[in-house]
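Taking it in order: structure first as structure tokens, then the write-up.
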Amino acid sequence: MDNVKINVLSDEVIGKISAGEVVERPASVVKELVENSIDAGADSIEIEVQDAGQSLIRVADNGGGMEPEDAKLACRRHSTSKISEIDDLDNIRTLGFRGEALSSIAAVSQMDLISCAQPGASGVYVYLENGEILKIRPAGRVRGTTIEARNLFYNVPARRKFLKKESTELAEIVNMIGRFIISHPGIEFKLTQGERCLLHAPKDMHAIERIQLVLGGDISRGMVDLSCSDENYTITGYISRPSNTRKDKRAQVFFVNGRFVRSKVLSDAVYDAYRSMVERSRYPGAVLFLEVSPREVDVNVHPTKLQVKFRDERAVKNAVTGTIKKRFEELKQTAPGPQTSGTMSSDGFARANTSVETEAPEVPVFTGFSEVQNEFSYGKDLAAGSGGSVSAEGKGPAPRPAGAFFQLGGCYIVQIKPEGITITDPHAAHERILYEFFSKATENAPAEVQNLLFPVRIDLSAGESVIMEKTMESFRVLGFHIEPFGEKSFIVQAAPAILEDRDVKRVLYDVLTDLASCDLARVDLDDELVKLTSCRAAVKAGDVLSGREMSSLLDQLARCDLPFTCPHGRPVTLDITVDELEKRFRRK
Ligand code: ADP
Ligand code: MG
């Protein structure tokens, strides 16, 4: 420690370090620039990117603009027009306030800015590199601001290396703009990459149409609107019906005082409200806007402002859970149709499900009262049962004799043979079967394909459809014939024959969701797709199987090359031999 030398860092280094906190990736630049446009009062914002934002991000708005002197100042660190004193932090109503974004972006890109504050007056053009103003001159522009960031991280190669594959970064930008589209219904947003328009929400597009555009038609179909306020909170938004769920929480978006946040408090609140009505590990869609006094919430926890801290977490959670539950109560009260609560047959569940698939309301009202009611009366069974294949006789944990097999604990297939007992984990077994089947398909043994009698349409979010486009060819190799059908919809014409009685739509959704959360740059896409599809298409651990299904599963397993473990290495079968029984009974 003798030779320790303390260096005072240069402004340039300090600038790049703090830029790293605000500007992690292209989507964060997009976020900061769009927030500035919103803060400037724009009602039309155009975003253009090239190479998923790495070579160009341009954001143009028709907001209040900047005077030439302000434009110069705005690019300095910690310069903001939005707060001036510490007390202002308690009263923030704008999205920005830290005065860090423009200087951070300028520190890690080649940035230019054209702005004009007065209609008819001359605007200003500023060009910066390494955070320094290299050019400044008058420029013509109508009122508003255009900011371009080129060659992001050109001077921070380490950060450039950390960027994910282009499609991942682009999906992130699309998701980011999607949230603004939902949270700012009065503003027109247009996102393009080259010639291609990725998202466009005109000014007059209704809130629910915006949600459909962003989250995808399926999860937003039949959403229920919500609105409740008391002296502390105003909660508004849309929530999906208990039968319309996803495998992850991606269709849950929360805004606090107009700002998108990730919040465990809020997602737990939603979970609690739906607790007894949805299957385990499935999540409803929810778009919630919470308005609270800025004093009740701290958004300054992290430079990206994605996290919030509520002063009274429990009160917020109760308010949200209570609002959702109350809404469901109202719907139950006003529901027309037979009051058969508690006495529905499992058929009621099936009907509820199919109606979700077929109806397509254009208006933002809830149209399926009786279904919610059925879902309510069925909630308990669903929670305890097994998911897709709940059937009247299959709910209890009692073993179901089915020829030589039965299911133990609602899950394991037990086979009793003269030489012992074989116990098979149906999910692991099916996963192994499918894994070998799809692996062979990728090795030049084309999968046997079955045309669907009724082609299935899937409506995806903008982010998911970017991934779908990239993976469509790989899906085809596995036997899924998928074609684009308009902007963000796809049609599945054919599916692998081996998935005969599986829910193809759900499988595809689940696989896409998995793909969205993995780093596509670091995995072998085809291999990953084989693994994910095998896992998602396999019967679930708690699915109730018929005797025929059990016997076919065991037959197919016997024909596998490696029937002993699932692709993750977990055991598929377990044998208890007579020999072992004899030892256990201490006969040997
Ligand atoms: P913050 O948003 O936290 O104030 P920024 O670095 O993002 O900090 O922006 C600095 C200042 O530049 C803002 O306070 C605002 O006055 C001005 N500014 C930035 N972008 C725009 C824009 N699109 N239109 C008008 N003014 C802008
Ligand atoms: Mg800002």
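Keep in mind the model is a prediction, meaning the values are calculated, not measured. Atoms within each ligand, like the ligands themselves, are counted from 1 in listed order.
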Practice task
Ignoring angles and geometry beyond distance, decide whether Glu32 reaches within less than 3.5 Å of ligand 1 through its nitrogen or oxygen atoms.
Solution key: no
Practice task
Looking only at distances, please establish whether an N/O atom of ligand 1 is found under 3.5 Å from an N/O atom of Ile147.
Solution key: no
Handout entry: Within-shell test, Gly65 vs ligand 1, heavy atom, strictly < 4.0 Å
Key = yes
Practice task
Show which atoms of ligand 1 fall inside a sub-4.0 Å distance from at least one heavy-atom site of Glu100.
Solution key: 6 (O), 8 (O)
Fill in the blank from the handout: Quick note on ligand 1: atoms under 4.0 Å from a heavy atom of Ala40 include exactly 24 (N), 25 (C)
Exercise for the section: Please determine, by modelled atom types, if Asp272 and Thr321 share a side-chain donor-acceptor pair under 3.5 angstrom. Expected result: no
Fill in the blank from the handout: Within 4.0 Å of some non-hydrogen atom of Ala74, the atoms of ligand 1 are 10 (C), 11 (C), 12 (O)
Exercise for the section: Please assess Phe485 against Phe490 for the test ring-ring contact (aromatic ring centres under 6.0 Å, His included), listing each intermediate value before the final yes or no. Expected result: CA-CA 5 Å; Phe485 186 69; Phe490 295 81; 9.5 Å; no
Exercise for the section: Examine Arg262 relative to Phe254 and say whether NZ or CZ is less than 6.0 Å from the centre of the six-membered ring and inside a 45° cone about the ring axis. Expected result: no
Practice task
Please check if any side-chain donor atom of Gln118 sits under 3.5 Å from a side-chain acceptor atom of Glu67, or the reverse.
Solution key: yes
Exercise for the section: Between Asp61 and ligand 1, find which residue part has any heavy-atom pair under 4.0 Å and reply side chain, backbone, both or neither. Expected result: side chain
Completion exercise
Closest non-hydrogen atoms of Lys190 and Cys197, given as atom of the first, atom of the second and distance, are CE-SG, 4.3 Å
Completion exercise
Short version for Leu102: what comes under 4.0 Å of ligand 1, heavy atoms counted, is both
Problem - Over all atoms of both residues, closest heavy-atom pair of Thr236 and Ser227 - result: CG2-OG, 3.9 Å
Problem - Lys488 bridged to Asp459 by N-O distance under 4.0 Å - result: no
Exercise for the section: Say whether Ser103, considering both its backbone and side-chain N or O atoms, lies within less than 3.5 Å of an N or O atom on ligand 1. Expected result: no
